[in-house]
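Here is the structure we will look at, set down as structure tokens.
Atoms considered below: every heavy atom in the structure, side chains included; atoms not considered: hydrogens, waters and symmetry mates. Numbered from 1 within each chain, the chains take letters A, B, ... in sequence-line order.
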Amino acid sequence: METILVREALRRPPGSPAVRVQGWVRTKRDSKAGFSFIEINDGSCLAGLQIVAEGGLENYASEVLGLGTGCSISAEGPIVASQGRGQAVELRAERIQVLGLADAEAYPLQKKRHSFEFLRRIAHLRARTNTFGAVCRVRNLLSRTVHDFFQERDFYYVHTPLITPMDCEGAGELFRVTTLDLEGLAARGHGGLDFAEDFFGRPTYLTVSGQLEAEALACALGRVYTFGPTFRAENSNTARHLSEFWMVEPEAAFYDLDQDMDLAEGFLKRLIGALLSQAQEDMAFFDQRIQPGIVDTLKQILESDFRRIPYDEAIRLLEASSRSFEYPTAWGHDLQTEHERYLTEEVFQGPVIVYNYPSRIKPFYMYVNDGGETVRAMDVLVPRTGELIGGSQREHRFEVLEERMEEKGVDPEAYGWYLDLRRFGSVPHAGFGLGFERLVQFVTGMTNIRDVIPFPRTPKSAEF
RNA sequence: UCCCCAGUAGCUCAGUUGGCAGAGCAAGUGGCUGUUAACCACUGGGUCGGCGGUUCGAGUCCGUCCUGGGGAGCCA
């Protein structure tokens, strides 16, 4: 007998021959007329399949009646027109096999709404809920679209190292990678740390970005992108930060800042377009239950041009505003969360790209504009989530880069290979980083980033 | 890391000026001819986050720690 997914079963016309479906019971309703309705979900789509279990089944009294939320079953039977409202078809079971029971007294998930805080504590089970099933499917579609987008534009998918010796990119605290016997060292008292004895013979860390290595590859392959995990040991406790998250980082040779912004805008639109056309059921769910209006918002974004304003103008807009901000705005200071939200939520009511930031607040690798006051950096800001993308044209002039490193207190010795890229056949190039979970947050309307990744890692929290 | 808020039944929460621990849902039992957040009735279910203190008496007041949430900083 053919085994099919629930998604497929729901598409079969009434009167289709018997099939087998397998999944987890969401809810069961008994009729004392001697039969039961069992709704199962197998993760293949948001909707469940109703299975009608007649009292004549050999294990009806012994097993089927005892089923409850969370049990796993395999059911076989024809797909028939449903006599009830709420679904077009249902499976009339000729055989139901119980695969795994779930004690109703102990199973944490109930057929009711749970708080996200509660679900976080049972992350191993929360993928069985509507919301997390939808989140996981959206993550999958977005991941696939990331690859589609770049592959279509002749970007190569490259793999950059997760373990790095570079500790001063200015992107927050790093996680140390070591095989040194920490307990032993502590027991013998401090002092005498010798990294020559460590696994790599030097201090190493988990990467905070694949950008620098991606630049090396872009300066050979032309256009590349990475899509991998990234680690920040920053003690950030917000709904927008994770200690381990996924980042998409394209890097393109011969690109300038304008092309970089074009790429970022096209990228976001492509991702949104894929969701609206290929994840309609899940997006309708987010629109209905999580963030009313999100689908319309995404449609608008798809159809509009992103506003692009230089940092100077952003500051002028903020200074001209009648709003009083907790942090004053002044040229030379970074935009605060409240400023970003004001620009994107109130002034433009949509995505905004702010570019040409003051050089003193941006890292050494960004291209210095004439005059030296600003660098070719750009941030894509979106409502609610804030900064979704950060990128820049890279400084490709050897002398300027070296100067900037010293200015920023970065040791050029440690970046010899990076400087080599400017020493030998240097070319203008640009790229950006997109925080994948921030993207998922933005398009689903989920308010906490811990609820858009299956097993979140945050300060003081690394369960599962 | 800083500021604010919260922690009471499996879940979501109420609990008044300090005076017998509550509701809805879930679970169990029974009822109900196709239900769909099923419905109706009954039953069981508590270390009031931990520790210490004030008091005749603390879920309630004080201290401290833990956990979670919201906001900020840092950033994607």
For [X], which of [options] qualifies under side-chain contact (heavy atoms from CB on, under 4.5 Å)?
X: Phe231(A); options: Thr164(A), Leu174(A), Leu206(A); result: Leu206(A)
X: Phe149(A); options: Leu271(A), Val248(A), Leu268(A), Leu263(A); result: Leu263(A)
X: Ile38(A); options: Val52(A), Leu67(A), Leu91(A); result: Leu67(A)

What does [X] touch in the nucleic acid at a heavy-atom separation under 4.0 angstrom: a base, only the sugar-phosphate, or nothing?
X: Glu244(A); value: nothing
X: Thr385(A); value: nothing
X: Gln336(A); value: sugar-phosphate
X: Leu388(A); value: sugar-phosphate
X: Asn448(A); value: sugar-phosphate
X: Arg450(A); value: sugar-phosphate
X: His241(A); value: base
X: Gln83(A); value: base

From the options [options], select the nucleotide whose nearest atom is closest to the side chain of [X].
X: Ser236(A); options: G69(B), C74(B), C25(B); value: C74(B)
X: Gln87(A); options: A38(B), C11(B), U35(B); value: U35(B)
X: Ile449(A); options: A76(B), A38(B), U33(B); value: A76(B)

Cation-pi check for Tyr357(A) against Lys362(A): NZ or CZ below 6.0 Å from the six-membered ring centre and within 45 degrees of the axis, yes or no?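 Yes; both conditions hold, so Lys362(A) lies above the ring face of Tyr357(A).
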Write down the distance between [atom1] ([X]) and [atom2] ([N]), rounded to a whole number of angstrom.
X: Leu109(A); N: A27(B); atom1: CG; atom2: P; result: 13 Å
X: Phe37(A); N: U33(B); atom1: CZ; atom2: C1'; result: 10 Å
X: Arg121(A); N: G69(B); atom1: CZ; atom2: P; result: 8 Å
X: Glu340(A); N: A72(B); atom1: CD; atom2: P; result: 11 Å

Tell me which nucleotide, if any, is Watson-Crick or G-U wobble paired with A23(B) when both distances must be under 3.5 Å. U12(B)
Donor-acceptor pair present, Asn237(A) side chain and U1(B) base, under 3.5 Å: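 Yes, the side chain and the base share a sub-3.5 Å donor-acceptor pair.
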Distance-only donor-acceptor test, Arg438(A) side-chain atoms vs C75(B) base atoms, 3.5 Å: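 For Arg438(A), whose side chain was compared with the base of C75(B), there is a donor-acceptor pair (under 3.5 Å).
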Assign each of Lys112(A) and Tyr327(A) to its nearest nucleotide of RNA chain B by heavy atoms, then name whichever residue's nucleotide is nearer the 5' end.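 The residue closer to the strand's 5' end, by nearest nucleotide, is Lys112(A).
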